[in-house]
Amino acid sequence: MSKLNNIKDHSVRFSDDFPLISTVKNLCRVCYTCVRECPVKAIKIIDGQAEVIQSRCIACGNCVTVCSQGAKVFYKSSDRVKALIASDAKTIVCIAPSFPAEFFEHTDPYQIVGMLRKLGFDLVTEVSFGADMVAKAYKDLFNNEKTSSVITSDCPAIVFYIEHYHPDLVPLLAPIVSPAMAMARAVKQKYGADSKLVFIGPCIAKKAESDEFDESLTFSELRLLFKEENITKENSSISKFDKPISGKGAIFPVNHGLIKTIGRSEKLGEGEVVTAEGKEKFKEAIHELETGLLKNQHLELLCCDGCIQGPGMTIKGKQLKKRLQINQYVNQKLENLDEQEWKKDMAQCASISLHRSFHPSDRRTAKPDQKLINEVHASMGKNAETDFLNCGACGYETCEKYATAVVEGLAETEMCLPYAIEKLHESVEDLNLSNYKLADTKQALKQSEKLASMGQVSAGIAHELNNPLGIITLYSSILKDELDEKNPIFEDIQMIEEQAERCKTIVSGLLNFARKNKVNLKEVDLFEFIKKSLKSVLIPDSVTVNIIDNLMEKNTLLDKDQMMQVLTNLEKNAVEAMPNGGKLTIELKDKNDTVIIHISDTGNGIKKENLEKIFTPFFTTKKLGKGTGLGLPLVYGIIKMHKGKINVKSNTNTKEGPVGTTFKITLPK
Ligand code: ADP
Ligand code: MG
């Protein structure tokens, strides 16, 4: 018996120092597809980046297959294979039976054999002979084992899954090596234990399955090697495989391969073999077995949808075409098979032990405290049952599983799409609000700037004009006194005097802007104050005045002189807007910490296009000599100094309601 017979567990475990699958950080766009597709949730999202947790990974390579950005990469062995070929050792390649499904551009499947020889391998063999060996062992096991369930162990990812996540089921794993490992043993027996073996196949997990192979390549790595070495089907010859020659085992990689190889049909029944392939189905099957739903059932479990869909294949999908390729290859192979020769080879290997053992290594983590999980739910606003959408956008099937991952430090709260959208909405709302505030402040600033520059200019002008105006009024009044009223120039002089007075009014209006920004607040009985303000405005009989006092508190703090200017200006404007008479209403009320004064008239209103201009200095619609356009800017400045607000509503169109204007002043108490 060869020394290989006693080998028990050859698996090469991966770790942080030997990461089998890892993430290229700058390629990861954090779409969570890898999280979703990982059957054991061995992917952690940290700082918005996906990272493979080596201790949880079962090397199935699902994440490599599904990542559209190529951000998931696996350990590459090409350089080491090249070094092996270049060494003095005898190098033997064992190619997996799925090869016709990978190289379907080759019209003759044996083209690949020639290419491998050209690459420099001394011998080129087919793993399907290992499948023949293993099939016999399974047949025996299934025939003998009628009273207990058996799980096939030819898929290394399934073996890792059971060892790590269902350690109690380890005794059910068939104690039989995989076809590849059987092949390694057969080849070493035939060609010498010191020969160097390279496996080539569709599987990433194979790299960690066994150290009986010196190196393991995927088909995708092989294609790159061919490219690097410029090996094509055109420049290499067609060649046959080296012995041992395989038989039916070549059908192994298609769906239900093992069952087909051992010549059984899939039936559900005790002691029968059923197949579950793909990441959802194999987990379900294990769950059914574990929970006792299935008894004495033999399960052929595969992590991928048949090995022909392995992550090391360069062609994804195309299930039927791949199956067709394998079938054609196997049929042709069996037609030409020299049965005697095959039986001889099998007999030579009959003494090789195909035994294998497994080691439970529990990697399950205890579920965190429910209180902490609930806290995560609450932090994302998930309180009521209807808040748990279980939408799966984060990559986890349920909100509960996701929150658990957050507590375990595997996921981040940003991964919850509904939560992220809600947060986005809130931010947009906040942004809108601050935009609105900003626009308001900008407007106020513009107005203040205007008023400030007005103040500077007017202080200068007013100062310069006051003296000559004083002289003009003084002399015109002396002249007027000296003239008889009947004198023809009396009226002219009087006109000069009047207009000079008017100029003085404008100048004093300008001076108001030049005043320092200071208010001298005093307690004032607002109702009395309003009554007083009305006395200094000339109100014609055609205008009726109404004061509505809804004040709860009589007194308000304000600067009397300045506020008197505000009121008289607004009242004057109102009266001037009602040349044919109307109603002037002043309403007083307090709300929370503010006092509100409405001054409304039934005048002709302010046109829409003028509404935003009325607070601009010198804007007036009144006839030359009638208006200065300085009233409202002054009012605005004074209200702002009181830390208050002034708004205006006006209507000029009888169709849209009663015409008139209302100024609303809001002052803090
Ligand atoms: P002025 O009264 O000297 O024209 P203001 O600054 O006081 O200057 O007012 C500017 C303009 O605003 C007025 O010319 C008028 O067009 C408009 N306005 C102000 N108050 C009223 C009102 N109550 N009704 C209609 N228009 C008004
Ligand atoms: Mg005015």
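Whatever order the structure lists ligands and atoms in, that order sets their numbers, starting from 1.
Judged purely by atom type and a 3.5 angstrom limit, Thr33 has no side-chain atom pairing as donor or acceptor with the backbone of Val66.
Within 6.0 Å of the NZ atom in Lys522, the count of heavy atoms belonging to other residues, nucleotides or ligands does not exceed 12.
From the protein, the heavy atom lying nearest to atom 2 (O) of ligand 1 is Lys622 NZ, 2.6 Å. Closest to atom 8 (O) of ligand 1 among all protein heavy atoms lies Gly629 CA, 3.2 Å. Ala577 CB, 3.3 Å is the protein heavy atom nearest to atom 24 (N) of ligand 1. Here the heavy atom of the protein found nearest to atom 14 (O) of ligand 1 is Thr621 N, 2.9 Å. Asn573 CB, 3.4 Å is the protein heavy atom nearest to atom 20 (N) of ligand 1. Counting only heavy atoms of the protein, atom 12 (O) of ligand 1 lies nearest to Ile614 CG2, 3.4 Å.
Phe388 is linked by a ring-ring contact (aromatic ring centres under 6.0 Å, His included) to His377, counting only residues two or more places apart in sequence or in another chain. Applying the ring-ring contact (aromatic ring centres under 6.0 Å, His included) rule to Tyr161 yields the partners Tyr165, His166, Phe282; only residues at least two apart in sequence or on another chain are considered.
Phe615 and Leu632 make their closest contact through CD2-O, 3.7 Å (heavy atoms, listed as atom of the first residue, atom of the second, distance).
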Side-chain donor-acceptor contacts of residues 529-540 below 3.5 Å, not counting sequence neighbours, with atom names and distances?
unit_1 : atom_1 : unit_2 : atom_2 : d
Ser533 : OG     : Ile530 : O      : 2.6
Ser533 : OG     : Glu571 : OE1    : 3.3
Ser533 : OG     : Glu571 : OE2    : 2.7
Ser536 : OG     : Ser533 : O      : 3.0

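The closest approach between a heavy atom of Pro633 and any atom of ligand 1 is below 4.0 Å. For the pair Gly605 and ligand 1, a heavy-atom separation below 4.0 Å is found.
Of all the heavy atoms of Thr661, the ones lying under 4.0 Å from any atom of ligand 1 belong exclusively to the side chain.
In the vicinity of Thr628, heavy-atom distances shorter than 4.0 Å reach the ligand 1 atoms 3 (O). Close approach to Gly627 involves these atoms of ligand 1, each under 4.0 Å from a residue heavy atom: 3 (O). Set against the non-hydrogen atoms of Thr620, the atoms of ligand 1 under 4.0 Å away are 1 (P), 4 (O), 14 (O).
For the residue pair Gln565 / Asn569, no side-chain donor-acceptor distance below 3.5 Å is found, with atom types taken as modelled. With hydrogens and angles left out, the side-chain atoms of Glu523 and Asn555 include a donor and acceptor closer than 3.5 Å. Lys669 and Thr594 are not linked by any side-chain donor-acceptor pair at a separation below 3.5 angstrom, with hydrogens and angles left out of the test. No side-chain N or O of Gln49 forms a donor-acceptor pair with one of Glu412 less than 3.5 Å apart. In the model, Asn550 has no side-chain atom that pairs as donor or acceptor with a side-chain atom of Lys591 under 3.5 Å.
For the Mg ion (ligand 2), the set of protein N/O/S atoms nearer than 2.8 Å consists of Asn573 OD1, ordered by chain and number.
Judged by the 6.0 Å distance and 45° axis criteria, Lys41 is positioned over the aromatic ring of Tyr396. Figure legend: Lys76 and Phe74 shown as a cation-pi pair, the cationic atom lying under 6.0 angstrom from the six-membered ring centre and within 45 degrees of its axis.
In the candidate list Leu632, Ile606, Asn610, Val635, Ile606 is nearest to atom 26 (N) of ligand 1, counting heavy atoms. Taking only non-hydrogen atoms, the option from Phe619, Phe663, Tyr636 nearest to atom 11 (C) of ligand 1 is Phe619. Selection from Asn569, Asp601, Val575 by nearest heavy atom to atom 22 (C) of ligand 1 gives Asp601.
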